[in-house]
Structure formats: structure tokens, C-alpha cells
Amino acid sequence: MDEITKAYFIARKDMRAYYLKPPLVSWGLILPIVFVLAFYLRNPMGIKEIVPGLIGMTLLFSSTSMAAIVIAFEKRIGALERLLLAPLNITTILLGKTLGSAVFGLIITFLITIFLILIIDIPVQHFFSFVFIIVLSGLAFSLLGIFVSVGVKEVFEAMTLSNFFRFPMIFLCGVFFPISSMPFPLPILSYLLPLTYTVDGLRQCLPGHNGAIPLWVNLLILIAFVILIYFLSHSVFKERIRQEF
Amino acid sequence: MMVGLTRPTSGTALIEGRDVTKEPVEVKRIIGLVPETSNLYGELTALENLLYQGELFGIPRRERRIRSLQLLEEFGLKEHQEKPFQALSRGLKRRLTIAAALIHRPKILFLDEPTTGLDVMSARGLRKLILDSKKKGLTIFLTTHYIPEAESLCDRVAIIVHGKIRITDTPENIKSQAKEIEILEIELEQISENFKNNLLSFDGIDKVLMDENHVHFHTKNLGQVISPIMKFIQEHDAKIRSIKTLAPSLEDAFVRLTGLDSELMKIDKPLKTGRE
């Protein structure tokens with residue numbers, strides 16, 4: 001319990017200290033909003049088709065941007081060393097960093113979702129599954145951001161590296177084009193990426209959309225992604241600390 | 001290594017009977033560390049930084065607020081408590097970093113180069129704070145390349161050269177090992193290159209140390225060398241401002257015992273980059 005409280009303190013501090021950092025504002029906030037507005041202004045009625053993709057993409061960019069900043073920035077200024085000197089274990093630090101990024105991503109996604117659902121008038125038909133998918137995806141994307149940023153020294157390196165997987169994911173995971181219309185072997189790649197299950201799951205939570213995979217399978221796969229990326233991040237984080245300090 | 005950031009390649013280190021590698025979390029509860037760079041969070045205020053540090057150490061909410069305000073008062077930071085860390089001067093940043101390391105009332109405080117990069121007044125103020133903390137019963141483990149600082153602040157000194165401890169003793173005992181040395185300090189208006197070069201081949205002198213205007217002659221027989229030194233100065237047309245004899249300082253003893261120039265010690269430790 002004590003460790004969870006400390007993880008919460010780390011997350012709260014990260015939110016307070018970093019939510020206005022330029023890379024976070026540009027990549028985590030402005031980019032998803034610009035994408036949504038661009039599609040909305042171009043074709044207000046047609047946007048309904050890509051609402052699940054836009055929500056998933058917003059979550060991906062906002063969660064990973066925060067995660068990439070907190071680790072890389074704190075490594076550069078020496079503040080990560082301060083956390084390592086406190087009586088905390090690596091799990092607590094990782095949990096705190098993940099929570100901060102996920103909460104930031106969820107807040108941005110919540111705002112975008114409210115805009116899309118209320119303004120465009122799309123009701124959510126499986127509310128709890130919808131929330132569960134967003135929370136699980138937020139955690140998975142935050143951990144992915146941390147996984148990428150622990151190995152680099154500068155914030156810009158973390159952002160560049162993040163974009164190597166973020167942009168391909170937009171095109172491979174059914175955000176704009178259905179995976180079924182992609183030529184072989186691209187669908188294989190799509191099903192190896194977590195955003196695919198976020199978008200497919202969200203699509204089934206909105207009326208008039210069918211998913212490629214049953215909703216409960218999407219949820220289970222997202223849980224598996226969270227666990228897998230957590231262990232990967234934990235092991236890389238531990239190894240980097242051993243090497244760098 | 002002692003604070004648990006680096007794993008030792010061999011051997012053990014115990015703090016209050018606890019192995020630093022086996023019980024790192026417990027050890028971190030009884031120590032505080034002030035790293036060479038002041039690495040608090042620039043976006044948080046002085047008070048928020050201390051409160052956050054208290055949260056990480058599990059100090060109850062009410063107590064951490066009282067303790068934070070008390071430290072701000074003790075360290076002369078009360079009027080700066082609402083300023084972001086990044087807006088503070090280098091000296092104030094250093095003070096706040098030390099205050100943050102004391103938030104959980106550690107028994108041992110590790111201070112790494114506390115006054116490096118500070119102006120004279122900030123460094124003096126900080127040394128006074130260190131002495132005050134020492135008087136209150138805090139054990140301070142100070143790392144410094146500035147030997148006069150070690151002499152004025154420490155009860156015991158260990159001199160490390162190329163990663164190995166050469167001597168561990170009180171400053172007085174270390175200095176007494178060099179007491180047969182007599183030091184003549186001559187202040188000159190200017191020291192020419194020619195003067196410097198010829199000085200190195202001077203007979204009867206164990207060591208010559210120079211800064212911009214001062215020359216320190218270390219010798220075992222001052223009476224014998226004083227007249228040749230004066231003659232040498234006259235020959236080089238150097239104008240004398242003052243002459244005095246000095247008792248060996250810890251720095252002199254360091255030079256005598258290690259055979260190294262204290263300046264050389266600075267290459268032992270690479271400078272870290274980071275926020276100051």
C-alpha cells in the first residue's frame with residue numbers, strides 16, 4: 001500500500017512538472033487535436049467511421065509522449081538519480097512513471113472523446129468495455145513510451161524513437177484503413193501491435209461498427225500486452241540503471 | 001557505491017550494520033545524499049520540492065509540511081519558498097538540495113563537492129550550515145577536491161589517490177606528519193615565465209607551489225635556502241610585495257604525503273553534466 005501511495009506521488013509530481021513541456025504539448029496534445037479537427041472539418045459526417053481510430057491514436061500519442069519525456073528528461077537533468085536515492089524499489093518508480101503518463105493520456109483522450117461523442121452525437125453502447133479498453137491501452141502505451149525512452153539520453157531522441165513505432169502504428173492498426181483491406185503480409189504485422197486491439201475494441205463499443213475480433217478477446221490481448229511490456233520495461237530499466245549509475 | 005547507486009565489484013559496505021547491496025531500501029532510509037549537481041525539480045517551488053521529497057520518504061503529511069518549513073527557515077530559504085527551483089541562484093539551489101537530503105532526518109549525510117561553482121559568500125554560508133548540522137549530531141561524509149574545505153569542516157580525513165586510500169586520520173595528525181617542513185610564502189608583483197622555469201631547478205627546496213602572485217617554497221632548512229632565494233628573486237628583477245613563513249596546512253601535508261600536486265587530484269574525477 002505504501003509503495004502504491006509513493007507511485008501516486010511520483011505520478012502526481014510528473015503531471016504537475018511536465019504537462020506543459022514543449023515536446024509534450026506538440027506531440028501529445030496538439031497533434032491528436034489537429035488530426036481530429038482536420039478530419040472533422042474535411043467531412044463532418046464521414047468522421048463517424050474513424051472515431052474509434054482517432055480516439056486510439058489520441059491515446060497513443062498523449063500517453064507515449066508523456067512517458068518518453070519523464071524518463072529521458074529526468075535522466076538528463078540528474079533527477080532520476082534522486083528517485084533512485086529514495087527508499088523506493090524499481091517497481092514503484094516504474095509504476096509511478098506509467099501512472100503519470102497513462103493519466104495524462106486518459107485526460108487528453110477523455111476530452112477528445114467527449115468532443116467526438118457529444119458533438120458528433122455517437123452514443124457508447126458498451127460503456128464499461130469502452131472505459132476498460134481505454135485504461136488498458138493507456139497503460140500499454142505508457143509502458144511502451146517508457147520502454148523506448150530508458151535507453152536514450154535526450155528528450156528529442158526519445159521522441160524520434162517513439163515516432164518510429166507511432167506513425168507506422170497509425171497506418172497498420174486500422175485507425176484510417178480497415179486491416180482487412182491491407183495486402184499480405186501487413187495484417188500479420190498489424191496483429192502484433194497493441195493499437196490494433198484498442199481500435200478494434202473501441203469500434204465494437206460504438207453503434208453501427210463491427211470488429212474483426214470478439215470484444216473480450218481484444219480485452220484479454222490488451223491485458224497480455226500490458227503485462228508483457230511491463231516486464232520488458234522493468235528489465236530494460238533495471239539494466240540501464242545498472243549500466244548508467 | 002555507499003549510497004547504493006553503483007554495485008561494488010568486490011567487498012562489502014555496512015551502514016549502521018546494514019549491507020548496502022543487500023538492504024538498499026533500508027540503507028536509503030538512514031542516509032541522505034547531496035549529489036555534485038543540484039538536481040531538484042526546476043518546475044516545482046522550493047516548498048513543493050521538499051514536500052515531494054518527504055512524500056518519497058514516507059513522512060506523514062502533517063509532519064512533512066512542518067519539517068519542510070523548518071528546513072526552509074534553517075537554510076535561509078523562507079522568503080524563496082514559493083519560487084520555482086529553476087529561478088533560484090546557484091547558492092540557493094545548493095542549499096535547497098542539502099535541505100531536501102535532510103527531510104527524513106538521516107543519520108548520515110553524504111555531501112559531494114558541496115561548494116563547487118559557488119561564489120565566495122555562498123560557499124562560506126554553506127560551510128557554516130554544514131558545521132551547524134555537524135554540531136547537531138549529524139554524521140557528514142564529505143567528498144571534496146578542495147583540501148582547505150576538508151581541513152576546516154572535517155574531524156577525520158581520508159585522502160584517496162587514483163582510487164586508493166593513502167591515509168586516514170584527523171587533519172591535525174596528518175598535518176603533524178609534515179611538520180618538519182617549513183614554508184616560505186613570497187608574494188610578488190608578477191611572476192614571469194622565465195622565473196617559473198628557472199625556479200623548478202632550485203636546490204634545497206622540496207616543493208614549489210605557485211598561483212598568480214604567490215610562491216610557496218617547501219623546505220626542511222629555511223635558514224639555508226632563504227639567502228639563495230632572495231638572490232634568485234633579485235636576479236630575475238621580481239618585485240616582492242610580502243614575505244612570511246607558514247605552518248604546513250592540510251594541503252601542504254597532502255602534497256608531502258602523496259607526492260602529488262593537489263591540482264592533479266582534479267583529473268581523478270570527471271565532471272558530470274547536468275542542472276546546476
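Scope of the values below: all heavy atoms of this structure, side chains included, with no hydrogens, waters or symmetry mates. Throughout, a chain's letter reflects where its sequence line sits, starting with A, and its residues are numbered from 1.
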Within a 6.0 Å radius of atom [atom1] on [X], are there more than 12 heavy atoms belonging to other residues, nucleotides or ligands?
{"X": "B/Ile165", "atom1": "CD1", "answer": "no"}
{"X": "B/Phe141", "atom1": "CZ", "answer": "no"}
{"X": "A/Phe115", "atom1": "CZ", "answer": "yes"}
{"X": "A/Phe132", "atom1": "CZ", "answer": "no"}
{"X": "A/Phe231", "atom1": "CZ", "answer": "no"}

- State, to 0.1 Å, how close A/Ala17 and B/Glu43 come at their nearest heavy-atom pair, and which atoms those are. O-CG, 3.2 Å
What's the spacing between [X] [atom1] and [Y] [atom2] if we round to 0.5 Å?
{"X": "A/Arg16", "Y": "B/Tyr41", "atom1": "CZ", "atom2": "OH", "result": "12.5 Å"}
{"X": "A/Leu88", "Y": "B/Phe57", "atom1": "CG", "atom2": "CZ", "result": "8.0 Å"}
{"X": "A/Phe9", "Y": "B/Gln53", "atom1": "CZ", "atom2": "CD", "result": "12.5 Å"}
{"X": "A/Glu81", "Y": "B/Thr37", "atom1": "CD", "atom2": "OG1", "result": "6.5 Å"}

- Message: Do B/Pro35 and A/Arg82 have side chains that approach each other closer than 4.5 Å (heavy atoms only, starting at C-beta)?
- Response: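 Side-chain contact under 4.5 Å: yes.
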- Task: May I ask you to say whether A/Lys13 pairs ionically with B/Glu48, meaning some side-chain N is under 4.0 Å from a carboxylate O?
- Result: no
- Could you walk me through whether B/Asn39 and A/Ile77 pass side-chain contact (heavy atoms from CB on, under 4.5 Å), step by step? CA-CA 6 Å; B/Asn39 61 354; A/Ile77 65 169; over 6 Å; no
- Message: What residues of residues 12-28 of chain B make heavy-atom contacts with chain A at a cutoff under 4.5 angstrom?
- Response: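 Against chain A, the residues of residues 12-28 of chain B that fall inside the cut-off (heavy atoms, under 4.5 Å) are B/Val25, B/Lys28.
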- Task: With a 4.5 angstrom heavy-atom cut-off, could you sort out which part of B/Leu56 is near chain A: side chain, backbone, both or neither?
- Result: both
